Amino acid sequence: MEIFEIAPNLYQSTKIDDSDLFLSHGFDCVIDLEGGFDKILSGWNLGGSYLYWHIFDVPWMPNEDRLWNVVRYGFNSWVHKDKILTHCSMGRNRSGLINGCILSLDGMYGPEIVKLIQEKRPGALTNTTFREFLSGL
């Protein structure tokens with residue numbers, strides 16, 4: 001498991017497969033974008049929140065209404081000082097899409113968002129569709 005801090009209290013990671021590493025970060029909220037409930041979180045602090053929305057790393061956008069609902073959930077948690085982890089399998093495209101949208105709600109603009117995420121998570125946003133969407137925000 002690799003965890004990358006994108007902005008203060010806003011993280012993205014690869015698949016959660018190391019409970020000790022996960023627990024050591026003290027996350028308040030997890031947004032899970034990949035295949036199936038994270039069973040490893042069964043011992044996680046019950047005060048935390050967990051949102052599961054499986055989307056695919058494909059060359060088309062997921063449903064944008066649902067996308068923005070998930071983003072608003074993450075953004076609202078983040079602005080209330082929760083420590084957020086967004087994750088997918090590789091921690092590159094799907095989690096970058098959500099975190100980029102969260103940053104847009106905080107006032108960042110497209111190219112700035114893409115640059116920040118790619119600096120903080122090497123190899124991020126290789127999905128052209130997701131990257132171009134974020135660039136247009």
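Note that the coordinates shown come from a computational prediction; the quantities given were computed from them, not determined experimentally.
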* To do: Check Asn9 against Trp78 and note the closest heavy-atom contact, atom names and distance.
  => O-CD1, 3.5 Å
* Under the ring pair (Phe, Tyr, Trp, His ring centres under 6.0 Å) test, which residues partner Phe56, sequence neighbours left out? -> His54
* For residues Asp18 and Phe22, determine if any side-chain heavy atom of one lies less than 4.5 Å from a side-chain heavy atom of the other. => no
* Asked: Which residues pass the side chain to side chain contact (heavy atoms under 4.5 Å, CB included) test with Ser24, sequence neighbours left out?
  -> Leu21
* **Nearest heavy-atom neighbours spanning Ile31 and Gly74** => CD1-CA, 3.8 Å
* Approximate separation, where rounding is to 0.5 Å, of Thr86 OG1 and Leu10 CG -> 6.0 Å
* Could you tell me whether a side-chain N or O of Ser13 sits under 3.5 Å from a main-chain N or O of Ile3, the two making a donor and an acceptor? => no
* Taking only residues two or more places apart in sequence, or in another chain, which ones meet Tyr11 in a ring pair (Phe, Tyr, Trp, His ring centres under 6.0 Å)? -> Phe27
* Asked: Which heavy-atom pair separates Leu97 from Phe133 by the least distance, and what is that distance?
  -> CD1-CD2, 3.8 Å
* Is it true that Tyr52 and Phe75 fall in one hydrophobic cluster, defined by side-chain heavy atoms closer than 4.5 Å? -> no
* Does Glu34 come within less than 4.0 Å of Arg94, counting only side-chain N to carboxylate O? -> no
* Asked: What residues form a side-chain hydrogen bond (donor to acceptor under 3.5 Å, both in side chains) with Asp57, not counting sequence neighbours?
  -> Asn93, Asn127
* To do: Identify the heavy atoms of Gly36 and Tyr50 that sit nearest to each other, and give their distance.
  => O-OH, 4.2 Å
* Donor-acceptor under 3.5 Å (Arg121 side chain, Gly91 main chain) -> yes
* Between Val79 and Ile6, is there a shared hydrophobic cluster once you connect ILVMFWY residues whose side-chain heavy atoms come closer than 4.5 Å? -> yes
Enumerate donor-acceptor pairs with a distance under 3.5 Å from any side-chain N or O in residues 101-117 to protein atoms, sequence neighbours excluded.
| from | atom 1 | to | atom 2 | distance (Å) |
| --- | --- | --- | --- | --- |
| Ser104 | OG | Cys101 | O | 2.6 |
| Glu112 | OE1 | Tyr109 | N | 3.3 |

* How long is the gap from CE on Met90 to CD on Glu2, to the nearest 0.5 Å? -> 7.5 Å
* Asked: If you round to the nearest 0.5 Å, how far is SG of Cys29 from NE2 of His80?
  -> 12.5 Å
* Asked: Under 4.5 Å between side-chain heavy atoms, hopping through other hydrophobics if needed: is there a path connecting Leu137 to Val71?
  -> yes
* **Results of side-chain hydrogen bond (donor to acceptor under 3.5 Å, both in side chains) for Arg66 - residues two or more places apart only** => none
* Structure fact -> Separation between CG (Leu85) and CG (Asp32), nearest 0.5 Å, reads 9.0 Å
* **Spacing of CZ belonging to Phe4 relative to NZ belonging to Lys120, to within rounding of 0.5 Å** => 12.0 Å
* Asked: Cluster question for you: counting only ILVMFWY and a side-chain heavy-atom cut-off of under 4.5 Å, with indirect links fine, are Val70 and Met61 together?
  -> yes
* To do: To the nearest 0.5 Å, tell me how far Ile98 CD1 sits from Gln12 CD.
  => 10.5 Å
* **Asp82 (side chain) donor-acceptor with Ile84 (main chain) under 3.5 angstrom** => no
* Asked: Among the clusters formed by ILVMFWY side chains lying less than 4.5 Å apart, do Val58 and Leu33 turn up in the same one?
  -> no
